[in-house]
Structures are given as C-alpha cells and as structure tokens.
Amino acid sequence: MYLEYGPIKIWLEADEVGITNISFVKEKPKDVPLTPLMEQHLNLAQKELMAYFNGDLISFNVPLHFTCGTDFQQNVWQELQKIPYGQFRNYQDVAIAVNSPKAQRAVGQANRRNPIPIIVPCHRVIGKNGTLTGYSGSGEEGLVIKKFLLNLEQLKKIGD
C-alpha cells in the first residue's frame with residue numbers, strides 16, 4: 001500500500017501476522033494481491049500513520065511482524081518502540097537498554113536495517129553529541145526525512 005505525506009513517500013507491506021516492511025520510495029510501486037487479513041493490517045497502518053503525521057497519534061497499535069534480523073537487531077527494534085513520542089535517545093542509551101553497553105555501532109546497524117521505520121521509531125535515535133545521523137540508509141535524503149519526523153513530533157505533541 002502506498003502512502004504519501006509531505007516529503008515522505010512510503011510503501012507498506014504486510015503478511016497475515018502484521019506489517020512486515022515500510023520502504024521509502026520515489027514513486028508508487030505496482031499493487032500486489034492481498035488477502036483480507038493483509039489488507040486489514042495495511043488499512044490500520046495507513047490510518048495510524050496518517051493520524052501520526054497529523055499529530056493525533058503518539059503510539060501505534062498495528063500488529064508488526066519482524067521477518068528478518070538477528071536476535072540482537074530484533075531486541076533493538078523492540079527497544080526503539082519504548083522511546084516516547086517527541087523524545088530521543090542516543091546510540092549508547094539504546095545499547096545500554098539492550099544490555100550491550102559497548103554495542104553503539106551495532107545499534108546503528110540495527111537502526112539502518114530496521115524494516116519498519118516510523119512505526120519502529122529509529123528516527124528518535126541521534127548521535128551522542130546531539131547531531132542527526134543517518135536514517136534508513138539513504139544518505140542526505142534520509143536525513144531530511146529524519147529531521148522532518150523529529151520536527152513533526154516536536155511541533156505536534158498531543159495537547160500542545
């Protein structure tokens with residue numbers, strides 16, 4: 001399912017269990033056949049993402065299904081989901097939280113390989129000195145998206 005908001009163009013994928021992938025794309029890919037359950041997951045993800053982009057949602061409830069990644073990466077992805085809306089952590093904070101305090105670089109690699117960005121908020125992880133670092137492995141374009149998402153959360157906190 002294709003979704004566009006501001007500079008963000010994403011393609012969502014799901015299986016029978018939940019959302020499996022969100023990819024940043026330049027144009028809408030061809031639609032693929034969906035089962036009713038896949039369509040249900042995608043419709044819920046679309047609804048929640050639009051509410052998030054509009055500042056009306058701070059946490060996601062759509063089911064997720066990690067079909068890739070090492071145990072360590074999946075632990076990092078689970079930890080990322082605990083970072084509150086509008087806040088951020090640095091790579092060392094996340095490494096400590098997953099009981100691998102010296103694994104900041106591995107946390108960075110897990111972030112880069114996150115198959116479900118935005119919903120699994122790897123954009124909330126920044127450099128220790130407060131600098132923005134890469135986002136979704138897409139260079140300068142990725143940093144524009146990361147900055148957009150962080151600004152969105154700062155500007156549209158619920159109740160502000």
Supply the atom-to-atom distance Asn21 CG to Asn114 CG, rounded to the nearest 0.5 angstrom. 9.0 Å
Sidechain-backbone polar pair: His123 side chain, Lys147 backbone, donor-acceptor under 3.5 Å: no
Parallel, tilted or perpendicular: ring planes of Tyr52 versus Phe60, cut at 30 and 60 degrees: tilted
Residue pair Asp93 / Val107, side-chain heavy-atom distance below 4.5 Å: no
Ile119 side, atom CD1; Leu80 side, atom CG - distance, nearest 0.5 Å: 13.0 Å
Taking a hydrophobic cluster as the set of Ile, Leu, Val, Met, Phe, Trp and Tyr residues connected by side-chain heavy atoms closer than 4.5 Å, whether directly or through intermediates, do Val17 and Ile116 fall within one such cluster? no
Looking at Ile10, is its backbone amide N or carbonyl O close enough to the side chain of Glu4 to form a donor-acceptor pair, meaning the two atoms are under 3.5 Å apart? no
Nearest 0.5 Å, what's the CG-CD distance between Leu34 and Glu16? 10.0 Å
Between Phe88 and Gln154, does the side-chain contact (heavy atoms from CB on, under 4.5 Å) criterion hold? Intermediate values first, please. CA-CA 11 Å; Phe88 25 83; Gln154 292 301 307; 4.2 Å; yes
Would you confirm whether Gln74, through its side chain, and Asp71, through its main-chain N or O, come within 3.5 Å as a donor-acceptor pair? no
Closest approach of Tyr91 and Gly108, non-hydrogen atoms and distance? CE2-CA, 3.6 Å
Find out if a path of hydrophobic residues (ILVMFWY) with successive side-chain heavy-atom gaps under 4.5 Å connects Met38 to Trp11. no
Exercise: do Tyr2 and Glu27 side chains pair donor with acceptor under 3.5 Å: no
Hey, mind stepping through His41 and Leu37 against side-chain contact (heavy atoms from CB on, under 4.5 Å) and telling me if it holds? CA-CA 6 Å; His41 294 317; Leu37 192 52; 3.6 Å; yes
Could you walk me through whether Ile83 and Val125 pass side-chain contact (heavy atoms from CB on, under 4.5 Å), step by step? CA-CA 9 Å; Ile83 303 173; Val125 182; 4.0 Å; yes
Passing candidate, side chain to side chain contact (heavy atoms under 4.5 Å, CB included) with Ile19, options Leu64, Val120, Leu49: Leu64
Could you give the distance from CD1 (Ile8) to CG (Leu152), rounded to the nearest 0.5 Å? 7.5 Å
dist Lys47:NZ -> Asp56:CG (nearest 0.5 Å) comes out at 11.5 Å
Does Cys68 reach the side chain of Gln73, with side-chain heavy atoms less than 4.5 Å apart? no
Taking side chain as C-beta onward, heavy atoms only, is Asn43 less than 4.5 Å from Gln46? yes
Scanning both residues in full, the closest heavy-atom pair of Leu3 with Met50 reads CD1-SD, 3.4 Å
Would you confirm whether Asn90, through its side chain, and Gln92, through its main-chain N or O, come within 3.5 Å as a donor-acceptor pair? yes
Using only atom types and a distance under 3.5 Å, with no angle test, would you say the side chain of Glu48 pairs donor to acceptor with the backbone of Val62? yes
Contact between Glu153 and Arg124 at the side-chain level, heavy atoms closer than 4.5 Å - yes or no? yes
Are any of the side-chain heavy atoms of Cys122 and Val76 separated by less than 4.5 Å? no
Tell me whether Gln81 contacts the main-chain N or O of Trp77 through its side chain, where contact means a donor paired with an acceptor under 3.5 Å. yes
Over all atoms of both residues, closest heavy-atom pair of Tyr85 and Gly55: OH-CA, 4.3 Å
So if you build clusters from Ile, Leu, Val, Met, Phe, Trp, Tyr with side-chain heavy-atom gaps below 4.5 Å, do Val25 and Val32 land together? no
